[in-house]
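Both counts, for ligands and for their atoms, begin at 1 and track the order of listing. Note that the structure is a prediction, hence the values are computed from the model and not measured.
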Amino acid sequence: MAKHFEIHDDFVAEQNKKSEAWNKEDFDHLARKLERSNVDIEDLVATAQAFRVAVPSWGVGTGGTRFARFPGVGEPRNIFEKLEDCGTIFKLVRSTPAVSLHIPWDKPDSTTELREFAADLGLHFDAMNSNTFQDQPEQELSYRFGSLTHPDQAIRNQAIEHNIECIEIGRSLGSRAHTVWIGDGGNFPGQQHFRKALERYLESMGQIYQALPDDWRLFIEHKFYEPAFYSTVINDWGVSYYCARELGPKAFCLVDLGHHAPNVNIEMIVARLIQFGRLGGFHFNDSKYGDDDLDAGSIKPFQLFLIFNELVDAELGRVPGFNPAYMLDQSHNVTDPLESLMMSASEVVRAYVQAHLVNRRLLSEVQEKSDPLMALATLKQAFTTDVTPILAMARERSGGAIDPIATYRASGYRKHKAEERPSVLGVAVGIV
Ligand code: LRH
Ligand code: MN
């Protein structure tokens, strides 16, 4: 691949010099404030440095809506350029060494070549994602009326084989999980037989489950609507949980924040799935109305904090088998995708660190005493603590940028990519 521009460590260090002093000042001030409640800021820096969230390969290109997609400049045109961009995000925020691939969008000619290319960028592969919500040019049978739940066994077999192929590709890339989201459902009453459709889903997923290597996990991703607008087969956490139980111990539920009706209490769903031992992972994003796939923490930051409050409570409570996979799943229609992914990764780490600030001894005390106001105040105390200096210090100590967006913009990365990657009309790499 021709010589290409990348942001070098010394440029990051040089940019950090501009903000080191004020971040240290803010950091020391916060350290004194936390000391008053016997919290050692160094523990929180270590907590932030250890946090990991995977980025979606499909998130580094500009996304769109059914109305339009307004391509940005220097868009990645293939999986190597997508990884190059993921490498740049990792270089600046240091919490995103894993990339989640989508097949066939990212199907490699050589898994060895791709694995080595990723490793050179310090990257590895997180959960694989299958795609039976679109028809591919060479595809024999259409998924127009469904895939794993389609009435026609031949179409279900085609979808099952595709998922098994994803697992095979993932196995040689070093992935250890496979996410199945299907858009199967109906647009009109009577279009689908609800019970038969679910039976067909379980029968199909049973065959995919059999193809899983022993040390893999299968993630079931529910969604309440879209692309089907009347009924969706895997529409909520309840049916997802039932299916995970039916399939076996390697099957878990994946919670995409945008896949719930407005005002659904997602943090309580998370607590349930933790208690039932089937919380597999997350697709973090945010939304105001539907599955808007907006930047994590951009619309409902308190909800993101409350979700991490449940996760950290389980982590500190050493809940057996608790090991959720954290991933972003977003579509960037009006921002530079790399800036959005860097901001979102940082907002997820922010919620995680704030959740570690919750005084859990006091919280359980006031819960036992039915003191709702003090319970809320205890959570708000943590949520309203500005942990920005901790996040910046954690990035800097991990060799990243104190201010990733400022460093990225100062580098002119996007301008360089615009020169290196003349846009190819018709090639879309974001979600449309
Ligand atoms: C479905 C979804 C799923 C992906 C797709 C790109 O809405 O969240 O996780 O496969 O977006
Ligand atoms: Mn998702």
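Selection from D329, I182, T132 by nearest heavy atom to atom 8 (O) of ligand 1 gives D329.
Remark: ligand 1 and W58 share no N or O pair separated by less than 3.5 Å (distance only, no angle test). By the 3.5 Å distance cut-off applied to N or O atoms, W181 is not counted among the residues near ligand 1.
Residues S331 and N333 have side chains that bring a donor and an acceptor to within less than 3.5 angstrom of each other. E161 and N157 are not linked by any side-chain donor-acceptor pair at a separation below 3.5 angstrom, with hydrogens and angles left out of the test.
Remark: ligand 1 atoms within the under-4.0 Å shell around heavy atoms of E221 are 2 (C), 3 (C), 8 (O), 9 (O). Near H283, meaning under 4.0 Å from any of its heavy atoms, are these atoms of ligand 1: 9 (O). Interface of D291 with ligand 1, defined as ligand atoms under 4.0 Å from a residue heavy atom, comprises 7 (O). When each atom of ligand 1 is checked for a heavy atom of D256 under 4.0 Å away, the hits are 8 (O).
Ion pairing between a basic and an acidic side chain is recognised when a charged N comes within 4.0 Å of a carboxylate O; E203 and R200 show no such pairing. Taking a cutoff of 4.0 Å between a charged side-chain nitrogen and a carboxylate oxygen, E165 and K107 qualify as a salt bridge.
At a 4.0 Å heavy-atom cut-off, ligand 1 does not touch T179 at all. When heavy-atom distances to ligand 1 are checked against a 4.0 Å cut-off, H102 comes that close only through its side chain, counted from C-beta outward.
When each of D256, D291, D293 is checked for a salt bridge (charged side-chain N to carboxylate O under 4.0 Å, His left out) with K223, only D291 meets the rule.
For CG of D215, the number of neighbouring non-hydrogen atoms (other residues, nucleotides, ligands) closer than 6.0 Å is greater than 12. Residue R414 places its CZ atom among more than 12 non-hydrogen atoms of other residues, nucleotides or ligands, all under 6.0 Å distant.
Every heavy atom of N129 sits 4.0 Å or more from the atoms of ligand 1.
Proximity of M343 to T335: side-chain heavy atoms (C-beta onward) are nowhere separated by under 4.5 Å.
If you look at the Mn ion (ligand 2), the protein N, O or S atoms less than 2.8 Å from it are E221 OE2, D256 OD2, H283 ND1, D329 OD2.
Under the 30°/60° scheme for interplanar angles, the aromatic rings of F282 and Y326 are found to be tilted. Ring geometry, Y352 versus F51: the interplanar angle falls from 30° to 60°, so the pair is classed tilted.
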Under 3.5 Å, sequence neighbours excluded: what are the donor-acceptor pairs made by side chains of residues 140-147?
unit_1 : atom_1 : unit_2 : atom_2 : d
S142   : OG     : D135   : OD2    : 2.5
S142   : OG     : R144   : N      : 2.9
Y143   : OH     : Q158   : NE2    : 3.2
Y143   : OH     : A159   : N      : 3.4
S147   : OG     : T132   : OG1    : 3.0
S147   : OG     : D184   : OD1    : 2.9
S147   : OG     : D184   : OD2    : 3.3

